[in-house]
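Read the structure below first, then the notes.
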Amino acid sequence: MPFYSEKVMEHFANPRNVGEIKDADGVGEVGNPVCGDMMTFYIKVKNNIVSDVKFKTFGCGAAIAVSSMVSEMAMGKTVEEVMKITNADVAKELGGLPPNKMHCSNLGADALHKAVKDYRQKQGVK
Ligand code: FES
């Protein structure tokens, strides 16, 4: 059993914001080359603020906890603030991840940022 923080276990057991947004303003999907796990983020944006976030993750427990934490961190933030959330921030918020699970945190912020980029592209912003 790897040494997961209580926060990781809690988010894994009760992930927030699981699901899909059918009319999402932005969608970001990434795959992890290390393990083949997949993560998709859906965002709604109102007045430059992320008003809703949902995710679907086919991955390990750490990846699910990371997605859940990322969704909470993004909610209510401006798109600029969301772009500044790093993978290290996510791991830190989760109380750390075991070294062999750090790669799992890479998916989280990447998928979120991709969703924002998709949103911007749809808005015609570079
Ligand atoms: Fe694949 Fe964690 S082992 S994301």
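Both counts, for ligands and for their atoms, begin at 1 and track the order of listing. Position 1 is the first residue of the sequence, and the numbers go up from there.
Nearest heavy-atom pair across Phe55 and Arg16 is CE2-O, 2.9 Å. Taking both residues in full, the closest heavy atoms of Asn17 and Ser71 are given as ND2-OG, 2.8 Å, listed atom of the first, atom of the second, then distance. Of all heavy-atom pairs spanning Leu97 and Ala62, the tightest one is CD2-CB, 4.1 Å. Heavy atoms only, all atoms of each residue included: Cys60 and Cys104 are closest at SG-SG, 3.6 Å.
Taking a cutoff of 4.0 Å between a charged side-chain nitrogen and a carboxylate oxygen, Asp25 and Lys46 do not qualify as a salt bridge. Of the charged side-chain nitrogens involved, at least one lies within less than 4.0 Å of a carboxylate oxygen, so that Lys122 and Asp118 count as a salt-bridged pair.
Excluding water, every protein N/O/S atom under 2.8 Å from atom 2 (Fe) of ligand 1 is given here by residue and atom: Cys60 SG, Cys104 SG.
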